Amino acid sequence: MRTAVLGALGFFPILVGLFVAIVVRNRSVARGIGIAASALLVPFAFVIFVSSEAPLLSATSVSALAVGDLEVDGLSAVLLPLVACLSVAVLVAIPRADVDASAVMSLLITEGATLGVLVSANVVLFGAFWSLSLLPMASEARRSGDVALRRATRWAAALCILPMAFAIVAVVLLAIVGHVASPFEVRAIAESAFVRHQAPLITPLLLVACTARMGLFPFHLWVPVALGRGRLSVMLPSVVSPLGSFAIVRLALGLFPIQTRAWCGALMVMATVSALYGAILALGQHHARRQLGYLWTSVAGFVLAGITTLDAEGLSGALVHDLASTIAITGLALTVRAVEARTGTADFRRLGGLVLHAPRMATGYFLLGAAAVGFPATITFVSEDLVVQGLVRTRPVVAVLLLTAMAINGVTLVRSFKRIFLGPPSAHLDEQQAIPDLLPRERWVSIVLVAALLAGGFVPTPLLAIRRQVETGVLRSAGHRADVAPPAPR
Amino acid sequence: MGFDAIVPFAAAAPAVSALVLGAAIALRRERLSERTVVATATLGLGLSFVAVLVATIRWMQGGLEPLDVRFGRWFHAGDYGFPLAFYFDGASAAFSFVASVLLLATARFSANYLHRESGFVRFYVIVLVFAAGAQLLVLAGSLDLLFAGWELVGISSVLLVAFFHERAGPVRAAIRVLVTYRLCDVGLVLAAVLLHQSLHTTVFVDVFRAQQHPAAGAPPMWIALALLFAAMGKSAQFPVGGWLPRAMEGPTASSAVFYGGLSVHAGVFLLVRSAPLYAHEPVAAGAIIVVGAVTAGVATLSGQVSPDAKSSLAYATIAQVGLMFVECGLGFPRIALLHLSTHALLRYYQFLQTPSVLERALERRAALGATVADESAARWEILGVRFRRYLYRLAIERFEVEAALERLVARPVLALSARLDRIERALLHSEQDGDER
């Protein structure tokens, strides 16, 4: 039963997506099927989440495939309902004009591939889903004929897919040569001393793929272009990007903890530069969606810094921050798309004064923006605090630089709020033009996202507890306790 | 713990009222009536006032010993836990009491003042958020929790400056306030980071205890300087104080409670609260004195040349707050606290009076049959004409501080952003393919 459920999480949306693309011609029907299929997965994802506490839920291979163990642990259990819920939210709230059969297919394939990555305990399956999750972006780039988007897609494919593919092929070959009993299984490979011995060659490949997927400097170029130009770009922060941090913990730290640890210094520099670079670039942007792209790079830097502390506080904070930022930036992207659908532009220079027509939209944008930058009473305040605590002991300078980046991000988001919603109405917009406020479906999505961020902020303990077991395992395997002096009691 | 547990209710009650009003706005189709809004806000602020009174009585019953109220940890990971600690002493009692009274008065005053104003509900929600933040700031038992209150106070200030959002001026002023707050807030976080690094705690009781043993290894000078930087932002001290006169764009009631009464004094409160940290640090104490004294001088001169009543009052406020900084630096935090409490009440009243100041002046002139001479002008007669002209030019240009900050900080950052953006676009040739819509 569990095998079927876990398998369905990955394959069901993909199959429905293909069905919609091939059979359905009507936009409304396609959208309805997409929402129904996506919504169907939500209770399953929550059931798995609830039942994923120790003993960890695991399942044997999907018999239809020769390869493939599926597994859920504390690390992925939280992300399953998140991805399922955000997928429904995107399908419900995205402007109807954006949703045709091909768009539904793209969204469902992306969702299925992401869920597939999260439940894969098999490296080949992991790699296949990992690559598939970028396919919709490639197909949109080809269809739209936007040259920059096509270049960005090629850039993403080269950095996210190729290194991952090389690393997985190398790992499997080494596992076969090293006579590992199950050469495709993450756990079996992790226990092989022979494979670990070759890790210095493979770890950098994995790290490049993961950091590129997270949108970190200098591999970030594809993110602002994809977010700024793609029609379905809202899926990027919501569904695709969190896979990068997940893969660092699952594969890089899971398979090669010691070698990954050796790279932590370089990764910390990368994280700090990303946080500041993304923050400075976001500040000067004139296009709301492109700005969100750079903001994502900045936030990803913060997340990576937390992971590379290899410290319980930092790792815990980073994983929660990734999750919370995903929710907040998805909400912001949906709101910006709603603005764009009503005004025909996301260029700040052509916007202004929308709060007069759309006060609820303005309020939603403001609250989501506040949550994205660690405002008190939201979950990001908790996660930021944990990441900073993780950094304080060993890298206080990095902590201060990251907080400076977060301060700039706060200014950026309030400034963008001002440029879109406040001030006199834009001269570029027709004074008589009716700009409706959030529709009920958009409003409810906005309310749920804000409520989730507030609930996590007020009661963060359950969210932190669910991953504690996995984090402890990761830190132990990375030798956290071995050579780090125990901290003074607080 | 007993009745001591009531301390956090002073912050929680307005927060709950704000949440109730926020939820009602989000979920209801009809507009909330003004009467309901005022009643909900008054209830929250009234309960907060009662909580402060009860806590004050408990504090007095305990022989004026500070109340150290702890509720365990809000969240934890690894060895770290965020302590839910509250601290109630003389400073908390004075500031909390003043805050409660002024906020209740504001809620009552605004019911008439903002009657039928389109942002009526918004105003009350923001004031409630501010009340929760101000009380949390004052009653926090740790620097971490104080920071949460500090941020709530900051963001609510920004929102009220931009209250009349359909005009460009208030919105620009709000962004100015935000930038100053956010940048100076880094000082508060830096202080918390340094405390965690050196003492592994930011709980005031533990920090003050550790301060008595210098071997603990805390770098108090740097912590105090970081706190000073944070306080300068919130209390509009030189050279980052240019935002306060601009912040008068908000409704009179909010100007009174924020920039006459409470928000502008948050920096002074921070210095009063952290006085043991710099008491034996001459460099830090000297820096506080210099900042306060320079601010007092500059603000006095700027206030003399201000053409309108609100700006003039704003500069007078900055000057007085500068003197409070001097008092803190000289080692008289209690005098600073007394100065703060009385000044907050006086300025609050003066700010509320500003809309009718012209009418009052005309009434007085009619009663006296003559215009009263500007006494302050006479004081400058002892200076030479050239020097007076030089000072006048400096004062009218606000000592060119804002222009310098714009030239040295804002423009270079935005120019760097634009240059990096051009490079990025060139790398993917996205300029040539047309920009985003």
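Only a predicted model underlies this, so the values are computations on that prediction, with no experimental measurement involved. Residue numbers begin at 1 in each chain, while the letters A, B, ... track the order of the sequences.
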Taking the side chain as everything from C-beta on, heavy atoms only, tell me whether B/D421 gets closer than 4.5 Å to A/R290.
yes

Side chain A/R360, main chain B/I25, donor-acceptor under 3.5 Å
yes

Please look at B/F82 and chain A and tell me whether the side chain, the backbone, both or neither of the residue comes under 4.5 angstrom of a heavy atom of that chain.
side chain

Non-hydrogen side-chain atoms of B/F75 and A/L463 separated by less than 4.5 Å:
no

Are A/E313 and B/H76 close enough that a side-chain donor and a side-chain acceptor fall under 3.5 Å?
no

So which residues of residues 143-156 of chain B are in contact with chain A at a heavy-atom cut-off of under 4.5 Å?
B/D144, B/F147, B/A148, B/E151, B/L152, B/I155

About how many Å separate CG of A/L221 and CD1 of B/I423, when rounded to the nearest 0.5 Å?
11.0 Å

Look at the side chain of B/S417 and the backbone N and O of A/L283, then say whether any donor-acceptor pair between them is shorter than 3.5 Å.
no

Identify the residues of residues 174-184 of chain B whose heavy atoms come closer than 4.5 Å to a heavy atom of chain A, ordered by number, or report 'none'.
B/I175, B/L178, B/V179, B/R182

Could you list which of residues 121-142 of chain B have a heavy atom closer than 4.5 Å to any heavy atom of chain A, in residue-number order?
none

What I'd like to find out is whether the side chain of A/K418 reaches to under 4.5 Å of the side chain of B/H165, using heavy atoms alone.
no

With no hydrogens and no angle check, is any side-chain donor or acceptor of B/W74 less than 3.5 Å from a backbone partner on A/T461?
no

Given a strict heavy-atom distance threshold of 4.5 Å, which part of B/L420 is in contact with chain A: side chain, backbone, both, or neither?
both

Do the side chains of B/Y80 and A/D385 get nearer than 4.5 Å, heavy atoms only?
yes

At a heavy-atom separation under 4.5 Å, does A/F421 approach chain B through its side chain, its backbone, both, or neither?
neither

Go through the structure and list residues passing side chain to side chain contact (heavy atoms under 4.5 Å, CB included) with B/A12, not counting sequence neighbours.
none

Measuring from A/L403:CG to B/D185:CG, what's the distance to the nearest 0.5 Å?
10.5 Å

For residues B/G78 and A/A312, report the shortest heavy-atom separation together with the two atoms involved.
CA-CB, 3.5 Å

